[in-house]
Amino acid sequence: MPECGTFSNPFTCGDLLFIYFLSTLAYMIIYLIFCLGAALHVHDFAMVGVDWLVKNVTYRENCYVCFTDEQTVQFIFSSGQPASRPRCSSWTLLRSLREKIKNSTDLDNSFNRNLTLFTEDPDRAYPRQEIVWKRFEQAFLVAYGLVTYAPVFKDYLYEGLRQFYEDNIMYVEIRALLPATYELDGRLNNKDWSMRACQDVVKGFTANFPDFLGARVIFTVHRGINATEAVKTVEEAMTLHRDFPDIMAGFDFVGQEDLGRPLWYFKDALSLPEDRGVNLPYFFHAGETDSQGTDVDQNLMDALLFNTTRIGHGFALARHPVVKELSIKMDVPIEVCPISNQVLKLVSDLRDHPVAVLMAEGHPVVISSDDPALFGATALSHDFYEAFMGFGGMSFNLGTLKELVINSLRYSSLPSQTKKKAIEVLLVKWDKFVLESLL
Ligand SMILES: *[C@@H]1O[C@H](CO)[C@@H](O)[C@H](O)[C@H]1NC(C)=O
Ligand SMILES: *[C@@H]1O[C@H](CO)[C@@H](O)[C@H](O)[C@H]1NC(C)=O
Ligand SMILES: *[C@@H]1O[C@H](CO)[C@@H](O)[C@H](O)[C@H]1NC(C)=O
Ligand SMILES: *[C@@H]1O[C@H](CO)[C@@H](O)[C@H](O)[C@H]1NC(C)=O
Ligand SMILES: *[C@@H]1O[C@H](CO)[C@@H](O)[C@H](O)[C@H]1NC(C)=O
Ligand SMILES: [Zn+2]
């Protein structure tokens with residue numbers, strides 16, 4: 001137990017004991033027993049605990065590593081010696097390297113650190129938002145060479161679904177970049193290949209775990225692209241939505257909002273579906289910022305004007321009363337990701353999270369996990385726990401939990417019949433849970 005009554009920890013010892021008791025109880029409820037519904041905001045290559053990447057994927061045949069001049073590593077699978085990259089050492093076959101050094105524990109631990117933001121003293125390691133975001137994008141690049149290898153792409157998704165299922169989740173919506181995957185000989189596969197791979201993996205997974213409802217994909221692109229590229233990308237999204245209606249849910253932008261282009265910059269591209277009479281649902285990240293009054297701060301309003309289905313984060317929403325009124329009227333929920341907001345330095349103490357105000361006002365909310373693997377968190381239960389213990393405060397109760405979990409299905413992109421059935425299944429699980437564990 002941490003020290004109490006000190007400057008850095010102003011709780012009294014009695015407080016702490018009580019909080020410890022409460023938190024243990026909350027975690028038991030959240031983690032051990034309960035069904036958490038759906039995870040609606042997670043990113044494709046941040047789903048699987050990185051141990052699996054290190055212990056399983058980097059131990060596969062033909063895996064090469066190079067060491068960058070920024071103290072990180074890159075990986076690639078190749079049948080022959082790969083062409084070297086700027087600012088990276090020459091490629092070394094990992095199997096030979098491991099044979100040479102005999103004990104790989106330290107090397108593997110360093111790979112683990114490369115792949116997550118986890119650190120003992122985050123305030124010292126990441127003093128500012130730019131710094132933590134830079135590490136975040138670096139860690140993403142480390143995983144990139146592993147997860148875009150075609151066979152790993154499929155196994156990764158399967159393992160991701162397995163880890164989410166194990167965390168009591170029944171359905172997932174994945175924000176996916178759908179990058180070109182590569183084969184051992186360097187051949188590239190296109191987005192259709194990736195969508196078909198997702199379809200196959202989800203089908204295979206639900207065949208093995210019939211009470212899992214499946215997964216759908218929200219196609220995403222980095223918000224650094226220009227208007228011309230955005231037009232092309234939105235056209236691609238419309239085609240994918242037409243060709244894979246069962247698994248493709250819609251479109252979104254990713255990347256640090258403060259540094260990227262605002263939604264309004266992409267207005268021509270984003271108007272295309274409506275202009276052509278085509279349906280392409282949007283699921284925009286918006287308001288993941290604490291810079292009031294900037295262009296990016298307008299994203300919340302623009303997301304609603306483009307009829308977004310949900311708002312990713314909406315951290316800044318409490319500051320915009322008119323937008324907030326509109327999102328309530330349009331019944332557009334915000335996807336709150338507590339650990340992500342804390343790690344990426346929008347709020348340091350989760351008791352101060354602005355969503356507390358929104359929930360008090362009855363704004364629709366779902367809880368999600370954004371990039372659990374990069375944060376060293378579980379699929380979703382840690383975020384529920386943080387919500388419960390952080391901004392939930394003393395007024396959070398079983399009813400709140402139930403509402404949040406039902407919301408995750410209510411605001412999913414599942415077809416209405418499936419959604420109705422899913423909520424029924426969930427309510428049966430809920431009643432069983434209440435009867436068995438609380439009475
Ligand atoms: C790695 O994962 C694959 C599939 O996900 C599995 O078939 C294989 O046995 C695992 N290998 C190791 C070494 O864990
Ligand atoms: C990444 O791995 C390399 C090679 O083992 C190591 O030197 C470096 O410190 C690691 N980077 C981080 C951020 O841990
Ligand atoms: C390998 O190295 C680690 C850390 O340096 C150590 O804890 C472990 O005992 C070593 N394993 C063997 C088999 O020597
Ligand atoms: C947009 O980006 C693409 C690819 O980077 C580039 O080829 C093109 O010239 C850019 N267009 C404009 C108008 O800047
Ligand atoms: C958003 O939905 C409203 C009402 O259905 C419609 O009038 C409007 O044209 C839509 N806007 C866009 C950009 O799709
Ligand atoms: Zn996100």
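Whatever order the structure lists ligands and atoms in, that order sets their numbers, starting from 1.
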(message) Protein non-hydrogen atoms only, distance under 4.0 Å: does atom 9 (O) of ligand 1 have such a neighbour?
(response) no
(message) Looking at atom 13 (C) of ligand 3, tell me if a protein heavy atom falls under 4.0 Å from it.
(response) no
(message) Asn56 versus ligand 1: do any nitrogen or oxygen atoms come within less than 3.5 Å of each other?
(response)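 The answer is yes, given that Asn56 and ligand 1 share an N or O pair closer than 3.5 Å.
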(request) Report, in ascending order of atom number, the atoms of ligand 1 lying under 4.0 Å from any heavy atom of Arg60. (result) 1 (C), 2 (O), 3 (C)
(message) To check your reading of the site, what angle at the Zn ion (ligand 6) do OD1 of Asp370 and NE2 of His41 form, to 10°?
(response)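 Rounding to the nearest 10 degrees gives 80°.
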(message) Cation-pi check for Tyr59 against Arg98: NZ or CZ below 6.0 Å from the six-membered ring centre and within 45 degrees of the axis, yes or no?
(response) yes
(message) In this structure, is the centre-to-centre distance between the rings of Phe212 and Phe164 below 6.0 Å?
(response)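 No, they do not, as the ring centres are separated by 6.0 Å or more.
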(message) Side chain, backbone, both or neither: which applies to Lys154 and ligand 1 if a contact is any heavy-atom pair less than 4.0 Å apart?
(response) neither
On the 0 to 90° scale, with breaks at 30° and 60°, tag the [X]-[Y] ring pair as parallel, tilted or perpendicular.
| X | Y | value |
| --- | --- | --- |
| His285 | His313 | tilted |
| Phe77 | Tyr149 | parallel |
| Phe306 | Trp264 | tilted |
| Phe391 | Phe396 | perpendicular |

(request) Name the closest protein heavy atom to atom 3 (C) of ligand 3, giving the residue it belongs to and the distance to 0.1 Å. (result) Asn103 ND2, 3.7 Å
(request) Take Glu361 and Leu358 through the test side chain to side chain contact (heavy atoms under 4.5 Å, CB included) and record every step on the way to the result. (result) CA-CA 5 Å; Glu361 293 171 343; Leu358 298 172; 4.2 Å; yes
(message) Among Thr105, Asp106, Leu107, Asp108, which one puts a heavy atom closest to atom 5 (O) of ligand 3?
(response)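 Residue with the shortest heavy-atom distance to the ligand atom: Asp106.
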(message) I'd like to know if Lys55 contacts ligand 1, where contact means a heavy-atom distance under 4.0 Å to any ligand atom.
(response) no
(message) Using a distance threshold of 2.8 Å, state whether an N, O or S atom of His285 lies below it from the Zn ion (ligand 6).
(response) yes
